[in-house]
2 protein chains.
Amino acid sequence: MATIYEVSKLAGVSLATVSRVMNQNAYVTDETKKKVLDAMKELDYRPNSAAQSLALNRSDSVGVLVAELDGPFYGPVMSGVESELRKAGKHVIVAAGHDEEETEKEGVEFLIGRGCDALILLAETLSNEYLVELAKGSTPFVMLNRTTPGLESQCISLDNHLGGYMASKLLVDQGHREIAYISGPLWKHDAEDRYAGHKQALEEAGLTQDPELLFESDYREAGGSSGLLHLINSGKKFTALACANDEMASGAMMSAAQKGLSIPQDLSIVGFDNVHYARLLTPSLTTVEFPIHEMGKMAARWVLKNAYGKKKLSYNNYFSPKLIQRHSSKAISS
Amino acid sequence: MATIYEVSKLAGVSLATVSRVMNQNAYVTDETKKKVLDAMKELDYRPNSAAQSLALNRSDSVGVLVAELDGPFYGPVMSGVESELRKAGKHVIVAAGHDEEETEKEGVEFLIGRGCDALILLAETLSNEYLVELAKGSTPFVMLNRTTPGLESQCISLDNHLGGYMASKLLVDQGHREIAYISGPLWKHDAEDRYAGHKQALEEAGLTQDPELLFESDYREAGGSSGLLHLINSGKKFTALACANDEMASGAMMSAAQKGLSIPQDLSIVGFDNVHYARLLTPSLTTVEFPIHEMGKMAARWVLKNAYGKKKLSYNNYFSPKLIQRHSSKAISS
DNA sequence: CTGTTAGCGCTTTCAA
DNA sequence: TTGAAAGCGCTAACAG
């Protein structure tokens with residue numbers, strides 16, 4: 001690989017001049033510029049990015065930590081982040097945290113160790129304390145789908161409470177009175193918020209959540225399946241089920257089918273997230289849209305603005321959910 | 001951030017010694033080693049990875065190019081690659097190629113420019129010529145889901161022909177005689193191979209593909225939807241439909257429902273890939289398993305072995321598909 | 001407008 | 001077993 005030195009020799013100029021034409025900025029005669037450009041082309045020169053990073057103290061790469069790289073929820077984040085950052089010439093380095101505190105911390109260390117200029121974190125298990133501590137360090141970071149007290153300006157989140165409310169409000173409006181709920185892990189902020197929203201919808205209708213009709217699960221399809229089975233086995237009657245995400249809702253739908261319940265006739269179901277395949281289920285799943293792709297883009301813009309000084313960029317910190325009404329829930333037949 | 005120099009001063013040794021204890025290898029007294037370690041801890045020292053890269057001429061990062069970062073197919077690749085590489089302390093830099101030749105080339109350049117030690121390419125639009133040329137360069141790379149003549153040893157692929165054969169063979173065995181086919185873009189190697197396998201299954205049964213029952217589509221759900229509509233509108237009768245991937249199959253299922261066709265009674269459908277949600281469709285989709293997550297892992301191991309000299313590692317170059325029989329196809333009722 | 005030069009932080013001979 | 005010193009390739013003052 002050719003170096004800047006060889007280019008300078010071939011072009012008959014100094015290192016500095018080559019550097020100047022590379023970095024566009026400084027004053028260089030069109031004539032010398034051409035000589036340099038020609039030399040570069042001839043040698044198929046490419047700047048060594050490690051050397052640049054070292055000299056500039058900047059790596060032009062940003063680290064992204066998510067729980068998983070696959071799955072209907074994380075993929076769209078990644079894609080939103082990548083498209084925005086790539087346009088700006090920044091590199092995206094990924095790490096999966098697998099929803100385990102130790103692994104997520106390691107992920108953060110790993111990314112910082114790599115010299116990432118900034119981090120985008122979609123991590124549930126990291127404690128607020130850890131994040132506050134991290135914020136004292138020199139690597140700027142933005143968080144997705146959480147709000148850490150004291151760090152609000154670097155959080156990009158959705159109103160999960162409102163989303164939970166909207167989903168359950170629909171059920172209530174459709175006349176349901178016995179409503180079961182399968183939550184995510186309640187130590188997770190979003191799971192807690194969604195459930196709180198759900199309860200608010202019930203309360204406004206003068207209802208309360210029957211504890212026997214609440215099942216705390218894990219946001220996974222299998223968890224939704226076993227959740228519904230558990231609820232059915234409790235012997236309590238219910239005409240509707242709200243799930244804290246679509247994956248659990250789809251699991252619940254499978255269990256319902258297996259138990260011979262037809263949806264929405266025997267049981268109305270609503271989900272949350274509006275993952276890609278929610279439309280493809282039969283019946284199509286009523287859910288709440290989580291604009292995660294868009295939020296990924298915003299996180300990228302936050303980074304561009306706050307870590308790379310692109311002043312002009314603007315971004316949203318707070319997103320609102322939207323109810324997507326499809327065919328898995330219906331008005332109760334009286 | 002502390003540098004190696006400050007550590008050496010605090011520990012009262014030279015730079016070289018600090019470097020030695022970092023790199024475990026050389027002979028250092030336990031005593032001096034301890035002094036150095038203590039100093040590192042006290043200063044919260046972390047090596048600057050750009051400086052290391054520059055000195056070692058190695059970045060410890062590998063670039064991964066896929067068409068999209070989301071979607072049921074690419075997510076699992078990424079996750080397989082990341083888990084394997086991360087274990088080895090290597091960084092994963094991602095780029096999306098969006099199935100456009102220009103963008104994919106740019107992606108490759110981008111990744112090479114970043115100084116990636118190796119590349120993992122899951123790119124359909126890159127021509128064999130380009131890849132052969134690329135192979136002359138100094139960045140080693142491995143390709144997923146394609147076989148480039150002359151570069152076989154750096155290709156990790158699935159027997160798409162066999163997969164296509166298995167899917168259609170099932171339909172034939174179930175007694176279907178009028179079989180429609182929705183292919184992927186036929187300029188893509190895998191689409192072509194799958195279709196060829198399909199034709200072979202027909203031929204062995206003494207059938208040929210009716211050109212009017214062939215629809216070339218785009219591997220996308222909407223393409224599957226419109227594909228089936230088109231086939232139905234042709235007026236030709238058919239009792240089964242093979243789709244070159246699950247996304248198109250799910251689109252076709254939606255069109256079928258819309259047209260009042262019930263599956264599998266009125267029409268048997270098979271897909272390809274066994275994406276995560278194939279099980280969740282109603283009826284569950286019969287398909288061919290594409291072990292893409294596993295193949296991603298193998299690509300990572302290829303890199304570890306061939307770019308990082310981990311001799312002991314072994315990997316598979318060639319994978320076999322597996323038929324996953326579910327409920328979207330049934331024996332024809334005679 | 002262009003050249004000289006001093007680093008950026010680390011690895012690695014070569015000597016001691 | 002340890003230290004001195006020469007790069008790795010590039011940027012950014014500072015002179016001219």
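Just so it is clear, the model here is predicted, and its values are computed rather than measured. We name chains A, B, ... by the order of the sequence lines, and we start the count at 1 in each one. Hydrogens, waters and symmetry mates are skipped; everything else that's a heavy atom, side chains included, is used.
Distance from the side chain of A:Ala55 is smallest to D:dC10 among D:dT2, C:dC10, D:dC10. Set against C:dT2, D:dT11, D:dT2, the side chain of B:Val28 has D:dT2 as its closest nucleotide. For B:Thr3, whose side chain is taken as the heavy atoms from C-beta onward, the closest listed nucleotide among D:dG3, C:dG9, D:dA13 is C:dG9.
For the OP1/OP2 pair of C:dT2 and a distance below 4.0 Å, the side-chain nitrogens and oxygens of A:Thr17 include no atom meeting the criterion. Contact annotation: B:Tyr45 side-chain N/O to C:dC10 OP1/OP2 distance is under 4.0 Å. Between B:Gln52 and C:dG9, a side-chain N or O to OP1/OP2 separation shorter than 4.0 Å is absent. Contact annotation: B:Thr29 reaches the phosphate of D:dT2 (side-chain N/O to OP1 or OP2, under 4.0 Å).
Comparing the end axes of the helix from C:dC1-D:dG16 to C:dA16-D:dT1, each fitted to five base pairs by superposing C1' atoms of four pairs onto the next four, gives an inter-axis angle of 40° (nearest 10 degrees).
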For residues 137-145 of chain A, run the donor-acceptor check on the side chains, cut-off 3.5 Å, and write out each pair with its distance to 0.1 Å, sequence neighbours left out.
unit_1: A:Asn145; atom_1: OD1; unit_2: A:Asn160; atom_2: ND2; d: 3.2
unit_1: A:Asn145; atom_1: ND2; unit_2: A:Asp190; atom_2: OD2; d: 3.1

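Spacing between atom NZ of B:Lys9 and atom C1' of C:dG9 amounts to 15 Å, rounded to whole angstrom units. Atom pair A:Asp60:CG and C:dC8:P shows a separation of 20 Å (rounding to whole Å applied). With rounding to whole Å, A:Leu15 atom CG is found 10 Å from C:dT5 atom C1'. Whole-Å rounding puts the A:Asn48 CG to C:dC8 P distance at 18 Å. Distance, A:Arg46 CZ to D:dC10 P: 13 Å, rounded to whole Å. Taking atom CG on B:Leu56 and atom C1' on D:dG9, their separation rounds to 14 Å, with Å as the unit.
Contacts of B:Asn57 with the nucleic acid, taken as non-hydrogen atoms under 4.0 Å apart, are absent. Within the 4.0 angstrom heavy-atom criterion, no nucleotide atom of any strand lies near B:Ser53. Residue contacts shown for A:Val18 are absent, as no nucleic acid heavy atom lies under 4.0 Å away.
Put simply, the side chain of B:Ile292 does not reach to within 4.5 Å of the side chain of B:Phe319, judged on heavy atoms.
Listed by first then second residue, pairs satisfying salt bridge (Lys or Arg N to Asp or Glu O under 4.0 Å) with a partner in residues 121-148 of chain B read B:Glu133-B:Lys136, not counting sequence neighbours. Judged as a ring-ring contact (aromatic ring centres under 6.0 Å, His included), the pairs with a partner in residues 75-123 of chain A (not counting sequence neighbours) are, in order, A:His91-B:Phe110, A:Phe110-B:His91.
With the nearest nucleotide of DNA chain D identified for both B:Val13 and B:Leu54, B:Val13 has the one nearer the 5' end.
Checked by distance alone, B:Arg20 brings a side-chain donor or acceptor within 3.5 Å of a matching partner on the base of D:dG3.
Legend: residues meeting side chain to side chain donor-acceptor pair (under 3.5 Å) with A:Lys35, ordered by chain and number and at least two apart, are absent. Every residue meeting the side chain to side chain donor-acceptor pair (under 3.5 Å) condition with B:Thr125, not counting sequence neighbours, appears here in chain and number order: B:Glu104.
By the 4.0 Å N-to-carboxylate-O rule, B:Glu109 lies close enough to A:Arg46 to be salt-bridged with it.
Defined by atom type and a distance below 3.5 Å, a donor-acceptor pair is missing between the side-chain atoms of A:Thr147 and A:His189.
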